[in-house]
Amino acid sequence: MAPESLMILLAEDDDGHASLIHRNLERAGLVNGFHRVKDGQEALDYVRGQGDYADRVLSPNVLLLLDINMPRVDGVEVLRQLKGDAATAAIPIIMLTTTDDPREVERCYALGCNVYITKPVDYDGFINAIRQLGLFLQVVRVPRNGKTA
Amino acid sequence: MLKKWLIVLAVPLVFQVLFLGALLKSQLDRDEAQRMSIHSKEVLTESATLTRLLIEARSYMLAQVVAGNVPRARVEEAAAAIPVQFAKLHGLVSDNKGQRLLVDEIAAKARPYVAWVVEADRLARTGRGEEAVERFKSTTDRATLAEVRARIDRFLAEEQRLDRERSATLERAVRGQDLAILLGAVVSLATGAGLVLAFSRGFARRIGTLAENARRLAEGKALAEPIVGGDEIGQLDGVFHAMARSLKERGQENEMFIYSVSHDLRSPLVNLQGFSRELAYTAADIRKAVEPLEKPPAAAARLERLIEHDMPDSIHFIQNAVTRLSAIIDSLLRLSRAGRVEYRMQPLDLDATLGRVVEALRDSIAEKGAEVAVDDLPPALGDPTIVEQVFANLLSNAVKYLDPARPGRIEVGAEPDGGDAPGFRTYHVRDNGLGIPEAHQAKLFLAFQRLHPGVAQGEGIGLALVRRMVERHGGKIWAESEAGVGSTFFVTLPASDGTAPTDGPIPRVAATIGAPQ
């Protein structure tokens, strides 16, 4: 277990999806801090400690679960902004989305996402992936404050 | 188009009019030449008459002098006729100045001669014959006659020359006319034929392209290059191209619509699947939480029924429905994608393809205790993934709809040729399963038509998809079936000459897969 606990930030506009993901992560044994935001702007605010989250106590380690189709600022834009800024580029970002358009996948990887998971029609596969993710997240180590070493 | 036909008619007509004109002129020339020729002959004849008259007058006169027995009238007649003849000749050659002057000259010379003849005759009749003879002996008589005759000869010579000239002209005119007729006929025919040929070839070619485009439009293939030309054919071709574009747009719109709708449906689907699962978990949690509690028996029984039966039942049905829903949406997506995905055509080793398909279905084949036999299949041209899906679908259907009353037998084979489609090969998948009643056969390849919903899983999209795939290869698919006997599905695919790279060392499946011995 890492000395500083990892904060999982989920950016997902669909409440149902968000609930499902959270429940299944828990079932997979995830005990990390978990916070859910509803769109890309909130996600950016949270990571940067601004806007609604200006007074947030910045957790040093953040991992982002990012849906692509969100209002205001979508997932790809969040990806681009965070990866484009040296201060936040090292934050691991996992894309979770219903789109399986190969061009979209390629674009995300080109922008620097770490993993791309499709929320498939096959629910079992999806849950399995979340479960694996949960296990994975338990052992992953992230640089302090998301800054590169 | 009408203009072109008019040209085809008009040009030879023009030629023919010109030709007729030339013909007419040559006929006129010929008539003229003939007239002139006749005229010359007439002149010659009249000249001969003149000569005769002169000689006749002299003869009568001499006869009178010698024999004294010539009726006076004869000489007088002859003498009177001579000036008349001269006048006639003068009239005849009035068109030719030279000849006319000559005639006058001769007349001038002949006049005193005729007067002398008349005089001599008178002398003879009045008993002064010796005087006449004396005068004969002088050279005047003969010389004058000789002069007159010389002049007449000259006149005749000229007239004969003219006659020859005119004959030659006539001959030329005749020949010219013959040539004109021949030339006119040939040129008129040649231009007519040439125009018709050029026009019909261009016309036939364009109509051919038009018919070809109509056929391609019907089959949903790409059209040839637009036909050039502002006439009706070009317009019709333009309409075809517009139709093809409109159809394509419509088709693309449909596909986009299906795609976007089915895509949007995925998100709520995740929730449906997820929360029906969550309900199941919650039910399990409730059971665990409730179990250790003390319950009055009635309540316990009720609780038991709710937790063990009612809730699981409801959840089960929800989950089933959700699974079906997700399968339909998935099929819709695949159907819409079938039109959009690029096919990569290559030679296919169908023996290998069928091998993989049968292998993938091995479990369900064994479960039904069925027998699958695959003949040698000639190679075809197509997209490997897509063609494999086609056969997988057909074979899977064959297995699914077997008749439990008899041992299932499925055959995959090929006809010797593409039937009435050159360049294609016909393959078939035959089973002795439930068959398809005639009433349903028309709707077989439409989407969402299911005949035996209770028999097997599926959304009724498979055959519609398969047909789309086969048609995009340029082939056809159809079925022959009899309820209670079995079905045969036929598929035509483009033929390949067999230079197919095999996809790995997969053995051909000619073996029988059935219940283990």
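Proteins get letters first, then strands, A, B, ... in listed order; numbering begins at 1 in each.
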More than 12 foreign heavy atoms under 6.0 Å from [atom1] of [X]: is that the case here?
X	atom1	value
A:Glu106	CD	no
A:Lys83	NZ	yes
B:Phe257	CZ	no
B:Lys248	NZ	no

Quiz prompt | From CZ (B:Phe275) to CZ (A:Arg23), nearest 0.5 Å | solution =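 Interatomic distance, B:Phe275 CZ to A:Arg23 CZ, rounded to 0.5 Å: 5.5 Å.
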Quiz prompt | Gap between atom CZ of B:Arg277 and atom CG of A:Asn24 - 0.5 Å precision | solution =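 Taking CG in A:Asn24 and CZ in B:Arg277, the distance rounds to 9.0 Å.
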Quiz item: How far apart are the closest heavy atoms of A:Leu20 and B:Val270, and which atoms are they?
Solution: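 So the minimum-distance heavy-atom pair works out to CD1-O, 3.6 Å.
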Quiz item: Closest heavy-atom contact between A:Asp14 and B:Ser267?
Solution: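 A:Asp14 and B:Ser267 have their closest heavy atoms at OD2-OG, 3.8 Å.
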